[in-house]
Amino acid sequence: MSEYDVIVIGGGPAGLTAGLYTARSGMKTLLVERMVPGGQAAMAWRIENYPGFPQGIEGVELMGRIKEQAEKYGLEIRSGEVIEVNLSSFGEKPERGLKKVVRTKEEEYRTIALIVATGTSPKKLGVPGEEGLIGRGVSYCATCDGPLFKNGKVVVVGGGDAAVEEALFLSRFTEKTILVHRRDELRAARITEERAISHPKLELIWNSVVTEILGKNEVEGVRVRNLETGEDSILEAKGVFVYVGFVPNTGFLKGVLEMDEEGFIVTNENMESSVAGIYACGDVRKKLVRQVVTACGEGATAGFAASRYIEKWKGSMEGKR
């Protein structure tokens, strides 16, 4: 079983920044990421509100820079999906305190401190036709799949920043992009909202929800219900992009940490969870703002706090010898 001072679970902006801080502090640090380092931020076609880039920067470039910087200071990155975290006494010397055992499908690691930065996954609509047409026109990532619908018609469901920004991105390729929102106003930032409303290839349908995704082998359209009149209509489309919220990736931590009713991890201002030596940062944490800049800030705090915890832990163990 490999042993580390710190294990970071999740390789988005929060996890990479946390790993940068702990590795730079001289802590033996492993980052475990189930996909490609960079997380959802790496799939953003342009990030315009990260300080220092007045013209914006592509998500993949920004995340690549952070990854390169972290690895420069010794951060070790491995691919794997964590399926379980347990608290366990250290080998045959329980007097040395508790360590955290992290299990993936292939490996098992032990660590003094653990930083959880697993982010979130897109919520699904839960309507007929959605599940069977994923990858056949139903998507949760415009940056990944948008170019596949060049000169076609697509529907975007949602009204927050993610939905509107991705609708604007899709409009670069499509003949027409239709944004369906359940309210009578968008929840996106004002500048993003203004761009959407004035865009010639973007149509907004208010006070409506998608009740069914149509098509047998691929998406052919959606059934939309007006919440004010109750009337149904059908919109022809080749693609449906869903942005109706996110769920935290915390299933592997049930029973280990305190979470809110939605599964987001509860922490204090130092990113400390309900278990000593376990920290959470980024979108997986219960908080108000979910942005790359806040994720990086929280990653820095978690990394600093974890380093302090390890130093004290090692000092106390030295005193017991």
Side-chain angles (χ1 to χ4, degrees), residues 1-44 47 50-53 57-82 85 99-102 104 106-119 249 265 267 269-273 276-285 291-315 317-318:
M1 182 187 298
S2 301
E3 296 185 5
Y4 292 87
D5 293 326
V6 187
I7 290 180
V8 181
I9 307 176
L16 286 171
T17 305
L20 165 63
Y21 269 68
T22 56
R24 193 168 180 271
S25 296
M27 303 297 168
K28 184 181 179 183
T29 306
L30 170 68
L31 185 149
V32 182
E33 166 59 48
R34 65 177 180 174
M35 300 178 72
V36 177
Q40 292 184 25
M43 295 185 287
I47 297 173
Y50 193 86
F53 298 94
I57 183 172
E58 290 185 4
V60 67
E61 181 181 355
L62 179 60
M63 293 302 102
R65 291 187 183 190
I66 299 175
K67 175 179 177 288
E68 180 183 357
Q69 187 177 9
E71 290 181 315
K72 172 185 173 182
Y73 289 103
L75 176 65
E76 179 183 345
I77 299 177
R78 293 190 188 180
S79 177
E81 181 176 358
V82 175
V85 171
K99 282 202 172 185
K100 292 79 184 171
V101 177
V102 177
T104 69
E106 298 82 18
E107 302 287 344
E108 185 170 289
Y109 310 100
R110 188 151 44 196
T111 184
I112 300 171
L114 179 66
I115 300 176
V116 182
T118 46
N249 298 319
I265 299 172
T267 71
E269 68 275 11
N270 294 326
M271 308 300 130
E272 297 169 325
S273 75
I278 300 183
Y279 305 82
C281 53
D283 288 3
V284 76
R285 174 177 169 261
Q291 295 286 315
V292 173
V293 65
T294 58
C296 289
E298 293 168 13
T301 300
F304 184 84
S307 297
R308 283 284 185 89
Y309 174 83
I310 293 163
E311 290 170 355
K312 291 180 180 179
W313 191 92
K314 288 183 176 180
M317 293 304 103
E318 288 292 330

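Note that the structure is a prediction, hence the values are computed from the model and not measured. For the single chain, residues carry numbers from 1 onward in sequence order.
Take Glu272 and apply the side-chain hydrogen bond (donor to acceptor under 3.5 Å, both in side chains) test, not counting sequence neighbours, and it matches Asn268. By the side-chain hydrogen bond (donor to acceptor under 3.5 Å, both in side chains) test, Thr22 is found to be paired with Thr29, residues two or more places apart in sequence or in another chain being considered. Glu107 meets the salt bridge (Lys or Arg N to Asp or Glu O under 4.0 Å) test with no other residue; sequence neighbours excluded. Scored by the side-chain hydrogen bond (donor to acceptor under 3.5 Å, both in side chains) test, Glu81 finds no partners at all (sequence neighbours excluded). Considering only residues two or more places apart in sequence or on other chains, Glu311 meets the side-chain hydrogen bond (donor to acceptor under 3.5 Å, both in side chains) condition with none of them.
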Show the numbers, then the answer: is there a side chain to side chain contact (heavy atoms under 4.5 Å, CB included) between Gln40 and Asp283? CA-CA 10 Å; Gln40 292 184 25; Asp283 288 3; 5.6 Å; no
Side chain to side chain contact (heavy atoms under 4.5 Å, CB included) between Leu30 and Ser2, intermediate numbers included: CA-CA 10 Å; Leu30 170 68; Ser2 301; over 6 Å; no
For Arg65 and Glu61: C-alpha separation, side-chain torsions, deciding distance, then whether salt bridge (Lys or Arg N to Asp or Glu O under 4.0 Å) applies. CA-CA 6 Å; Arg65 291 187 183 190; Glu61 181 181 355; 2.7 Å; yes
Audit row: Arg34, Thr118, side chain to side chain contact (heavy atoms under 4.5 Å, CB included) steps and yes/no: CA-CA 9 Å; Arg34 65 177 180 174; Thr118 46; over 6 Å; no
Apply side chain to side chain contact (heavy atoms under 4.5 Å, CB included) to Lys100 and Ile278, showing your working. CA-CA 9 Å; Lys100 292 79 184 171; Ile278 300 183; 3.9 Å; yes
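Between the side chain of Glu3 and the backbone N or O of Arg110, no donor-acceptor pair lies under 3.5 Å. With Thr104 contributing its side chain and Glu106 its backbone, the two residues share a donor-acceptor pair below 3.5 Å.
In terms of heavy-atom proximity, Pro13 sits nearest to Val292 at CB-CG1, 4.0 Å. Closest approach of Leu16 and Met63 over heavy atoms only: CD1-O, 4.1 Å. Heavy-atom minimum distance, Val284 versus Ala117: CG1-CA, 4.3 Å. Across Val102 and Leu114, no two heavy atoms sit closer than the pair CG2-CD1, 3.9 Å.
The closest side-chain heavy-atom distance from Ile47 to Val293 is not below 4.5 Å. Side-chain contact between Val85 and Val116: absent, with no pair of heavy atoms (C-beta onward) separated by less than 4.5 Å. Side-chain contact between Thr301 and Cys281: absent, with no pair of heavy atoms (C-beta onward) separated by less than 4.5 Å.
For residues 4-21, the side chain to side chain donor-acceptor pair (under 3.5 Å) pairs, not counting sequence neighbours, are Tyr4-Glu76, Tyr4-Arg78, Asp5-Lys314.
To the nearest 0.5 Å, the span separating OH on Tyr50 from CG on Leu62 amounts to 5.5 Å. Atom CE of Met271 is separated from atom OH of Tyr279 by 11.5 Å, given to the nearest 0.5 angstrom. The line from CD1 of Ile115 to OH of Tyr309 is 12.5 Å long, rounded to the nearest 0.5 Å. Between the CZ atom in Arg308 and the NZ atom in Lys312 there is a gap of 7.0 Å [rounded to 0.5 Å]. Atom CG in Leu75 sits 11.0 Å away from atom CD in Gln69 (nearest 0.5 Å). One finds the CD1 atom of Ile112 at 8.0 Å from the CE atom of Met27 (value rounded to the nearest 0.5 Å).
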